[in-house]
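To start, the structure itself, in structure tokens.
None of these values were measured; they are calculated from a predicted model. Every heavy atom of this structure was used, including side-chain atoms; hydrogens, water molecules and symmetry mates were not.
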Amino acid sequence: MDPTSIATSLVMNGAAAQADLVAIKLMRKNAEAAASVVDLIDSANQNMARIQASLGPGMGGNLDITV
């Protein structure tokens with residue numbers, strides 16, 4: 001192999017490594033965002049349960065939403 005080919009392959013390997021790092025960081029951020037959404041939905045469910053528990057018997061059971 002000539003020196004130009006070796007240098008080119010080293011540069012390409014470095015660029016590929018950088019691209020892999022960026023991809024890993026993006027996947028980690030996506031996973032963190034998904035976990036945040038799950039936490040938000042869980043909190044909303046807990047709040048709804050508290051609201052329903054604080055209502056009197058029969059409240060909200062027969063709601064007519066026709067227009």
>> Taking side-chain hydrogen bond (donor to acceptor under 3.5 Å, both in side chains) as the definition, give me every residue that meets it alongside N13, ordered by chain and number, with sequence neighbours left out.
In response: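 Partners of N13 by the side-chain hydrogen bond (donor to acceptor under 3.5 Å, both in side chains) criterion come out as none, since no residue qualifies.
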Which Ile, Leu, Val, Met, Phe, Trp or Tyr residues join [X] in one cluster when any pair of side-chain heavy atoms under 4.5 Å counts as a link?
X: V11; result: none
X: M12; result: none
X: L26; result: V22

> Do any pairs count as a side-chain hydrogen bond (donor to acceptor under 3.5 Å, both in side chains) and have a residue in residues 26-43, sequence neighbours left out, and if so which ones?
Replying inline: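 Passing the test, one end in residues 26-43: D42-Q46.
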